[in-house]
Amino acid sequence: MPDLRSFADFDDAQRRAIALASDVVHRLEAGMSERDVVDIAMTRSGDHGFTGWYHAPEVRIRPFGPASLLKRPSPEGTLAPGDIVSIDIGPASGDVYGDFGTSVTFAPTDESELAVLSVARECVRGICGYASRWKTSGEIAIFAQAWAVNHRMNLGQKEVIGHKILAKEGAVAFGFPRSAHLATRLRRNQMHRLNPVRLQGMFAVRPEVDDHGHRASFEEILWVDGDQKGVLGRANNGEVGTLP
């Protein structure tokens with residue numbers, strides 16, 4: 001189990017991952033494709049001190065309608081004002097990595113934020129506040145679903161809303177950090193409503209909120225060590241879901 005020193009190392013990686021995501025968002029331009037945005041993240045990662053990937057960047061441009069996280073980034077230019085852009089990056093360096101996601105409205109046509117973005121952001125903030133050593137992964141998943149429903153929305157991926165962040169130890173040491181990402185496919189490492197294990201360690205939480213086809217998600221890494229807890233890369237819970 002990672003100790004607080006490991007949390008500190010991952011905290012630095014997560015701070016740099018957040019900075020990389022902000023860098024990418026500030027380089028968005030009309031007409032870009034999902035593939036273009038992925039390429040920006042890949043190209044800029046080295047400037048933020050990363051040398052590899054825990055998982056490749058995932059980008060979805062969603063004007064409307066459901067989107068599958070399994071599909072490859074489209075090479076067709078589609079980005080237009082008012083589109084929601086969701087970015088999920090997992091850059092790595094040495095024995096640590098970040099795992100961060102954000103959703104933004106590109107060139108918004110008015111000053112008001114789409115409700116789905118604010119609900120998704122507050123959902124993750126709520127999770128980070130609710131989490132403790134006494135809560136289970138299943139309770140976190142149920143909390144996220146209830147949050148969305150209470151705002152007359154749903155979760156886009158109802159089954160799994162997060163996963164463990166695994167350090168370079170034990171079975172995942174070989175092929176790290178990709179091996180750590182592959183291990184998140186195991187049910188015991190996922191945050192789903194039937195997982196009865198109490199929180200201890202680091203967890204990436206990323207509930208995707210769906211409002212009649214409009215989808216948004218924010219990913220943060222929370223850590224729990226006994227009575228202590230926090231959010232990697234963040235000074236406080238108020239920073240969750242924001243970009244510098």
Side-chain angles (χ1 to χ4, degrees), residues 14 17-18 21 24-25 28 34 37-38 41 54-74 78-79 82-90 98-106 108 113-131 137-165 181 184-185 187 189-195 202-222 231-232 237 240-243:
Q14 185 72 347
I18 293 169
V24 173
V25 167
L28 296 177
E34 293 171 346
V37 182
V38 168
Y54 166 65
H55 72 75
E58 299 172 1
V59 175
R60 297 293 177 263
I61 297 173
R62 302 185 179 114
F64 189 82
S68 170
L69 290 176
L70 298 178
K71 79 179 186 69
R72 293 184 178 182
S74 170
T78 60
L79 186 57
D83 286 350
I84 295 177
V85 184
S86 292
I87 301 170
D88 180 4
I89 57 173
D99 198 0
F100 179 76
T102 189
S103 293
V104 300
T105 302
F106 173 70
E113 183 178 65
L114 289 173
V116 68
L117 271 78
S118 60
V119 171
R121 181 183 298 109
E122 291 302 322
C123 181
V124 176
R125 286 181 180 174
I127 287 172
C128 293
Y130 177 70
S137 288
E139 288 176 295
I140 299 300
I142 293 171
F143 178 95
Q145 176 65 31
W147 190 283
V149 171
N150 287 342
H151 289 83
R152 296 184 176 86
M153 299 182 190
N154 285 293
L155 293 185
Q157 294 177 298
K158 298 179 181 180
E159 184 64 19
V160 179
I161 61 98
H163 57 79
K164 282 186 177 180
I165 293 292
H181 187 251
T184 64
R185 298 180 181 179
R187 294 287 284 174
N189 292 329
Q190 296 175 341
M191 303 186 84
H192 57 84
R193 63 189 303 121
L194 298 180
N195 191 331
M202 297 177 288
F203 300 84
V205 291
R206 185 178 177 264
E208 183 182 59
V209 177
D210 185 313
D211 183 17
H212 298 90
H214 292 282
R215 295 190 178 195
S217 59
F218 296 86
E219 184 172 30
E220 302 279 348
I221 298 178
L222 67 88
V231 184
L232 296 186
N237 209 38
V240 168
T242 67
L243 290 173

Review point. Who pairs with Ala216 by side chain to side chain contact (heavy atoms under 4.5 Å, CB included), at least two apart in sequence or on another chain?
Key: Ser103, Val116, Leu117, Ala120

Exercise for review: Please assess Asp83 against Thr105 for the test side chain to side chain contact (heavy atoms under 4.5 Å, CB included), listing each intermediate value before the final yes or no.
Suggested key: CA-CA 6 Å; Asp83 286 350; Thr105 302; over 6 Å; no

Exercise for review: Assess whether side chain to side chain contact (heavy atoms under 4.5 Å, CB included) is satisfied between Ile161 and Arg193, documenting all intermediate values.
Suggested key: CA-CA 9 Å; Ile161 61 98; Arg193 63 189 303 121; over 6 Å; no

Review point. Would you call Val205 and Met191 a side-chain contact if the rule is heavy atoms closer than 4.5 Å?
Key: yes

Review point. So, Glu220 and Arg121, do they make that salt bridge, N to O below 4.0 Å?
Key: no

Practice item. State, to 0.1 Å, how close Ala41 and Ile89 come at their nearest heavy-atom pair, and which atoms those are. Key: CB-CG2, 4.3 Å

Review point. Do the non-hydrogen side-chain atoms of His55 and Asp88 ever get within less than 4.5 Å of each other?
Key: yes

Review point. Got a second to check how far Ile165's CD1 is from His163's NE2, nearest 0.5 Å?
Key: 5.0 Å

**Study point:** Rounded distance [0.5 Å steps], CZ in Arg206 versus OG in Ser217
**Key:** 3.5 Å

Check your understanding: Which value, rounded to the nearest 0.5 Å, describes the distance between Phe106 atom CZ and Leu79 atom CG?
Key -> 4.5 Å

Exercise for review: Determine, for Glu208 against Arg60, whether the closest basic-nitrogen to carboxylate-oxygen distance falls under 4.0 angstrom.
Suggested key: no

Point to revise | Side-chain (His192) to main-chain (Leu194) donor-acceptor, under 3.5 angstrom | key: yes

Practice item. With rounding to the nearest 0.5 Å, note down the distance linking CD1 in Ile127 to CG in Leu222. Key: 8.0 Å

Review point. Is the closest side-chain donor-acceptor distance between Asp99 and His181 under 3.5 Å?
Key: no

Review point. Quick one: does Phe100's side chain get under 4.5 Å of Glu219's, heavy atoms only?
Key: no

Practice item. Starting at CG of Leu114, measure out to NE2 of His214 and round the result to the nearest 0.5 Å. Key: 7.0 Å

**Study point:** Sole candidate of Arg62, Glu58, Glu34 that passes side-chain hydrogen bond (donor to acceptor under 3.5 Å, both in side chains) when paired with Ser86
**Key:** Arg62

Practice item. Find the distance between CD1 (Ile87) and CD1 (Ile61) and round it off to the nearest 0.5 Å. Key: 9.0 Å

Study note, to complete from the structure: Between Thr184 and Asn189, the two heavy atoms sitting closest are CA-CB, 4.2 Å

Practice item. Would you indicate whether the side-chain heavy atoms of Asp210 and Leu155 approach each other to under 4.5 Å? Key: no

Got a list of side-chain donor-acceptor pairs under 3.5 Å for residues 138-147, not counting sequence neighbours?
from   : atom 1 : to     : atom 2 : distance (Å)
Glu139 : OE1    : Thr136 : N      : 2.8
Glu139 : OE1    : Thr136 : OG1    : 3.4

Exercise for review: Measure across Val124 and Pro207 and return the closest heavy-atom pair with its distance rounded to 0.1 Å.
Suggested key: CG2-CD, 3.7 Å

Study note, to complete from the structure: Between Cys128 and Asn237 the two heavy atoms that sit nearest each other are CB-OD1, 3.2 Å

